Number of protein chains: 2
Amino acid sequence: MTKMSDPTGRGAKRAGIRDVARLAGVAPMTVSRALSFPHLVSAETREKVAAAIAATGYIPNRVASSLSSNQTMTIGAVIPTLRNSIAADFAEGFNQVLRARGYHLLLGNSEFVPEDEEAIVVEFLSRRVDGIYLTGSTHTERTRKLLRDNAVPTVEIASLPEDPIDLAVGFSNFGAAYAVTKMFAEQGYRKVALFTTFTKDNERQVERQAGYHAAVHEFGLDDDPEGLVAELEMDLKAAARQLRLLLERRPDVEALFCTGDFIAAGALFEAQRLGLTVPQDLAIAGFEGLEIAENLNPSLTTVRIPRYEIGRKAGEMLLDRIARRPVETPVVDLGFEIIRRESTAATAGQPKVRAEAGERPAGTGG
Amino acid sequence: MTKMSDPTGRGAKRAGIRDVARLAGVAPMTVSRALSFPHLVSAETREKVAAAIAATGYIPNRVASSLSSNQTMTIGAVIPTLRNSIAADFAEGFNQVLRARGYHLLLGNSEFVPEDEEAIVVEFLSRRVDGIYLTGSTHTERTRKLLRDNAVPTVEIASLPEDPIDLAVGFSNFGAAYAVTKMFAEQGYRKVALFTTFTKDNERQVERQAGYHAAVHEFGLDDDPEGLVAELEMDLKAAARQLRLLLERRPDVEALFCTGDFIAAGALFEAQRLGLTVPQDLAIAGFEGLEIAENLNPSLTTVRIPRYEIGRKAGEMLLDRIARRPVETPVVDLGFEIIRRESTAATAGQPKVRAEAGERPAGTGG
DNA sequence: CTGTCGAATGGTACCGGTACCATTACCCAA
DNA sequence: TTGGGTAATGGTACCGGTACCATTCGACAG
């Protein structure tokens with residue numbers, strides 16, 4: 001209880017390593033060692049140091065430590081927004097790995113604007129983070145150059161970039177969208193619509209559209225980008241509105257693929273309000289594999305993404321790189337899985353299927 | 001283009017402020033000033049410095065800056081988990097305010113374990129964050145003592161603690177739960193069930209249970225804690241299971257209040273699968289005011305929490321405190337609002353109401 | 001008995017900024 | 001002419017750790 005309660009409000013100078021050393025009767029270096037490399041210090045000394053630390057209420061200053069040792073034990077993470085549950089899941093898995101190894105996350109929100117991301121990256125470099133986590137692979141040229149020139153370990157999440165800045169972990173957005181569209185085609189659907197979120201500066205959505213179009217062409221589906229495809233915000237209400245517009249443009253639409261489970265849910269709810277039966281009148285598939293998908297009535301066919309695994313793998317790879325351990329593959333594909341549920345019939349016109357079995361296509365079509 | 005590409009992989013020593021100063025023909029102090037207080041430097045000098053910075057690719061080292069100036073421009077935030085969308089929304093609003101003023105967020109996940117929170121707080125203190133953001137008001141004694149003794153500006157989010165560590169922004173969890181239960185009572189419901197998430201180390205849920213019980217007693221509702229109340233994880237499937245159990249225990253239950261919209265959604269879906277009509281057979285109300293609530297069929301009565309506002313207000317108050325500006329009220333109540341929708345009838349037994357009007361009870365019942 | 005080695009500890013400089021104070025030049029009022 | 005004031009800049013020490021090297025000492029081999 002040597003601590004003082006600071007009546008001045010100014011903060012009575014905190015104890016430093018030299019104070020602890022004095023009290024323990026050793027050199028500051030020994031205190032530092034006792035904390036960082038206890039095995040290099042005799043048990044006796046360690047105890048004296050521990051006692052002095054307890055007595056002074058000493059809290060090591062990692063800012064000074066970082067400056068001196070040139071490592072901050074901090075990773076800078078750029079995440080478009082925490083509202084996006086899939087991005088939050090990636091980050092959660094990533095953070096778990098970091099924390100276990102003493103690293104902490106410095107957070108920045110880009111709101112999907114590459115220029116904002118760049119500013120955040122500069123800030124991170126300024127803070128000398130040991131590594132950087134980026135969402136997606138859409139970045140400004142300067143962001144790439146900055147990271148490469150400064151040789152900062154970097155991992156890009158969610159996509160499989162052709163030309164990664166450094167490391168990347170994700171799945172094939174193209175392949176997943178292609179696979180879903182193909183599934184519809186094989187079930188006999190010809191008029192398959194697509195709802196994606198905005199594709200501006202979001203290569204994941206671009207890839208998904210591309211996968212859809214590839215399958216549309218390959219399987220000779222109704223190819224009507226104006227009528228069957230729409231971009232909208234990730235928002236249930238927007239999905240409802242777009243569904244009404246879609247039905248006006250193409251009342252004959254048979255199936256709808258949404259690149260987000262919440263969009264799919266919004267469309268499903270609106271379809272039901274309009275008196276349509278899913279999947280008989282309209283089949284619907286989602287994307288992401290959120291928990292809600294399997295609980296809807298009817299349960300929602302979706303694409304399961306290994307969200308935590310991607311985050312965790314990214315963490316491990318990044319820490320390997322930081323420790324200068326060899327990294328086998330810089331770009332890792334963790335695949336995806338189509339979960340067929342009630343919202344899509346096994347065959348167009350033959351509804352009421354209850355298959356829950358997963359199908360695992362090669363997640364490498366990107 | 002003076003930058004070198006670092007063929008050794010070791011990182012050719014980065015340019016420091018002294019290098020920039022030499023190149024610009026000024027003192028290091030002048031470079032520092034040109035960056036931090038440009039108005040104290042002549043335009044001519046500023047240009048020379050800018051040129052030298054561009055030429056060297058200099059990126060200021062904020063670690064050194066922090067050590068010297070004793071401020072890190074960093075706030076440590078403890079958030080139970082990012083998966084929790086309401087906590088993520090608080091953090092998002094908070095972060096917006098911070099970023100605008102040059103602060104960044106250092107993130108820690110406590111997973112609802114106070115001891116883990118304590119460890120994170122120690123780590124934050126070690127990193128000399130300028131302020132701390134905590135979720136809820138359940139903390140270990142040592143956490144409180146540490147923060148107070150070190151006089152670290154701190155804001156607690158989501159609750160209205162009797163004895164705040166420093167600052168707090170939230171709403172009355174007790175009051176909101178009381179108000180919903182009262183609403184049911186006034187509509188004539190007598191058998192009102194409650195689903196909350198686990199109350200262990202989560203005073204928000206404890207408060208909500210307390211508010212429910214207070215109303216149950218006050219309005220003479222069926223008081224059956226064993227039969228009508230359940231704790232479960234925040235999970236749609238768990239909600240479905242608990243609904244089945246509830247209906248076994250109390251087939252006569254008339255209404256269900258869930259302290260989370262996802263729990264309410266899970267219960268609603270399961271009720272529909274079981275062939276019940278909501279609200280005729282069972283009325284359901286949620287909590288949080290998530291987007292999904294208003295899109296469900298039937299749309300969900302819920303309690304809207306001003307999530308972003310709480311986050312933003314917390315950011316503003318914390319920054320005020322850091323800047324030693326006076327703070328009028330340390331504990332701020334931002335209230336709540338009950339949104340009545342289709343999932344609860346206007347009167348028990350008289351369903352099919354479509355009121356969307358909000359009701360604003362005093363958010364001060366805690 | 002001397003040399004070598006490992007374990008434990010200490011001394012010193014340095015990481016890269018900034019706080020603080022000094023200095024210089026110049027203008028204006030008294 | 002002199003003193004006071006402001007604008008612009010510089011010098012130096014210091015923030016609080018750690019890297020690096022030196023030192024001491026006892027054990028043990030030759």
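What you see is a predicted model, and the numbers here were worked out from it, not measured in a lab. In what follows, every chain begins at residue 1, and chains take the letters A, B, ... in the order their sequences are listed.
Using modelled atom types, one side-chain atom of A:T56 and one backbone atom of A:I53 make a donor-acceptor pair closer than 3.5 Å. A:T329 places no side-chain N or O within 3.5 Å of a backbone atom of A:V332 that could act as its donor or acceptor partner.
When heavy atoms are screened at a 4.0 angstrom cut-off, B:R18 is found touching base atoms of the nucleic acid. Residue contacts for B:V41: at a heavy-atom cut-off of 4.0 Å it reaches the sugar-phosphate backbone alone, with no base atom in range. In this structure, B:A64 reaches the bases: a heavy-atom distance under 4.0 Å links it to at least one base atom across the strands shown. Within 4.0 Å of B:S66, counting heavy atoms only, lies no atom of the nucleic acid at all. Across all strands shown, A:R33 has heavy atoms under 4.0 Å from base atoms, whether or not it also approaches the sugar-phosphate. Residue A:F37 is classed as having no contact, given no heavy-atom separation below 4.0 Å to the nucleic acid. Backbone-only contact: A:V26 has heavy atoms under 4.0 Å from sugar-phosphate atoms and none from a base.
Across the interface with DNA chain C, nearest-nucleotide mapping of B:Y58 and A:P28 shows A:P28 to be the residue nearer the 5′ end. Nearest-nucleotide positions on DNA chain D place B:G25 closer to the 5' end than the other of B:G25 and B:R128. If B:L67 and B:H39 are placed on DNA chain D by their nearest nucleotide, the residue sitting closer to the 5' end is B:H39. Positionally, the nearest nucleotide of DNA chain C for A:T30 lies more toward the 5' end than for the other of B:N61 and A:T30.
Considering all non-hydrogen atoms of both residues, A:A91 and B:L82 come closest at CB-CD1, 4.1 Å. Looking at every heavy atom in both residues, B:R144 comes nearest to B:D163 through NH1-O, 3.5 Å. A:P60 and B:S126 get closest at one heavy-atom pair: O-OG, 2.8 Å. Closest approach of A:R46 to A:A34, counting heavy atoms only: CG-CB, 4.4 Å. For the residue pair A:P28 and A:R18, the shortest heavy atom distance occurs at CG-CG, 3.9 Å.
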Result block: side-chain N/O donor-acceptor pairs under 3.5 angstrom for residues 104-112 of chain B, not counting sequence neighbours:
from	atom 1	to	atom 2	distance (Å)
B:N109	OD1	A:N95	ND2	3.2
B:N109	ND2	B:I79	O	3.1
B:S110	OG	B:F112	N	3.3

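Judged purely by distance below 3.5 Å, without hydrogens or angles, the side chains of B:S137 and B:E156 never pair a donor atom with an acceptor atom.
Overall bending of the helix from C:dC1-D:dG30 to C:dA30-D:dT1, expressed as the angle between end axes built from five pairs apiece, is 50° (10° steps).
For DNA chain D, the contact window with chain B, defined by any atom under 4.0 Å from a protein heavy atom, covers D:dA8 to D:dG16 in 5' to 3' order.
Between A:S42 and C:dA7 there is no side-chain polar atom (N or O) within less than 4.0 angstrom of OP1 or OP2.
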